[in-house]
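Here's the structure we're looking at; comments come further down.
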Amino acid sequence: MCGIVGYVGSRPVTPLLLDALEKLEYRGYDSAGIAFMADNGIIIHKTRGRIADLRKIVDAATDDDDCTVGIGHTRWATHGEPSDVNSHPHLSRSKRVAVVHNGIIENYIELRHHLEAHGYVFSTETDSEVVSELIDYCYTGGDPVAAVRKAEQQLKGSYALGILFSDFPDQIIALRKDSPLIIGVGEGENFIASDIPAILKHTRSVFRLGERELAILTRKRVTVLDTFGNRVEHPIEHIDWDATAAEKGGYSHFMIKEIFEQPDAIAKTLAPRIKEDMSIDLGFKSITDDDLRGIDSIKITACGSAYHVGVVAKHFLKRILRIPVEAELASEFRYDDPIIDEHTLVIIVSQSGETLDTLYALREAKAHGARVVSIVNVVASSIANESEEVLYTWAGPEIAVATTKAYSTQLALIELFGLYMARVRGMLPEEEIISSIKALQNVPEGVQKLLDDVKSVQYIASLYFNCQDVFFIGRNMDYALSLEASLKLKEISYIHSEAYAAGELKHGTISLIEDGTLVIALCVYRPLLEKMLSNIKEVKARGAKVIAIINDDDVQTGTIADHIIRIPECTDITVPLMTIVPLQLFAYYIASLKGCDIDKPRNLAKSVTVE
Ligand code: G6P
């Protein structure tokens, strides 16, 4: 994970780097540091803790007058505990080279031994320190680009690097492989960053550095070179996100802001693809309707909440397409010798488009000749770039580590895709497809209704925020939603929570239910409501307190549950999109009552670019 940033221009560099790092804190926040060019060489400030801690150190130091070139880093520790010394940037012992790194150097131990044999001494437990020393070792002929390329030949793993050379005070060198890096282009100034929000305040003109490309940034120009040293020209993308979309705008946390942005995000994702005559335009260029008719199975692969989208979608797609559909964790998929071929459609789901396991799963799918459609939020991210077809969720930047609006837009989009596929394969009567499309179009309004009245969720949260354990139960689609509801709660509130297929309770987990244990029963999947009622009675009989999530017209469940949350006017296709909303709110209000650091939960990072 980790976030990196770099600037070369004429503005004071330290406030700019600190501000940019704050925008990247979602990527990691256990330590932070900056390096900048001063008259007497490279100066480094770094510390364990947040950017706010680093800011205090930088403010107290007052050694940055007139400095206008620098790099910065916010860390999510992988190798070596969060500590001052393990923080980036790493400055070579010679003080000639400073490096910030996002990724993992897999062969760092081997390289370390090699460099130690040449007299190099290491002071950190990180894999990254080896990069600054290795570049220093390779810096023999006074050519920084040659040194970086020579060092790179020996690196195994993933890396986005920002590099300063004390001999070249007016430039930054950047390099990437399997970790994201964007270049921001300004007037008399240029930027590098792991993600767009870091520099959005300063420039909207960006491009992504390609795999193994190296960029040399000076105030006047950005020169990009491929591995052969040839110049590469990238078209500049104009980012039209509202800059405030990456700010909290009056909300206490990004998470609650993003929950409230869902009606808009879902509408923006669906509307451009649904035409007046109710046709669906996916904008595919390579996969044809004939190709979709030739598909005999679907695999959805992703990580975290994006995987949970896949589990919900699996039920939906199976029901309407009547072909085998599986959802598999990307970290398992790629090592499980998947049975896929050109008749398999692999659907990749990723908010960031940079999750390493998901990216590798995508490559595995392509290597087997599968057809690949990705559902991605970040435009031109690695997964988007490498996919055969991309469906973008137009959710805007998502900052809170715990995803909300990306989840719901992914789900809405995969459902729309399912309807498209059902139509070309003649699997559903046209009237049913049209009514489902219309139902999807009404989702933003339905979600808004739920958001207009959050009091009952707040009240229930106030009764249970001190609980130790929570069990979410459901069947079929409700179980799929339970997975996400449980993850949301545990990741931001640190309350132990688990999701169980309700039918499995009796095979072990029910032994954990005792007086007062909180069970959240999802009861919106109509075909199995009776079964859920039995499961609720079973846990009630053992003393559980039950919050049931029910359909508006359900008159039975309320008579046995302790609390109910009603989901208004749902159809099969809209019910998951609506039901997740009060569950996100429940997690948020519980965490807020507990005083947790909601947007940056401990040990987590938003973009997981390591295996
Ligand atoms: C992290 C985030 C989750 C996200 C998962 C996959 O764990 O905290 O919110 O679901 O990564 O990320 P992706 O960017 O691939 O959707």
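Heavy atoms only: backbone and side chains are in, while hydrogens, waters and symmetry mates are out. Position 1 is the first residue of the sequence, and the numbers go up from there. Each ligand, and each atom within it, is numbered from 1 in the order the structure gives.
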Just by distance, do the side chain of [X] and the backbone of [Y] share a donor-acceptor pair under 3.5 Å?
X      : Y      : answer
Thr269 : Trp394 : yes
Asn377 : Gly396 : yes
Arg475 : Ala502 : no
Asp599 : Phe254 : yes

Practice item. Look at Arg50 together with Asp597 and state whether they make a salt bridge at an N to O cut-off of under 4.0 Å. Key: yes
Check your understanding: Under a 4.0 Å heavy-atom cut-off, what residues line ligand 1?
Key -> Cys303, Gly304, Ser305, Ala306, Ser350, Gln351, Ser352, Thr355, Val401, Thr403, Ala605, Lys606, Val608
Exercise for review: Name all residues meeting the side chain to side chain contact (heavy atoms under 4.5 Å, CB included) criterion together with Asp336; count only those two or more places apart in sequence or in a different chain, and write none if there are none.
Suggested key: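 Partners of Asp336 under the side chain to side chain contact (heavy atoms under 4.5 Å, CB included) test: Glu328.
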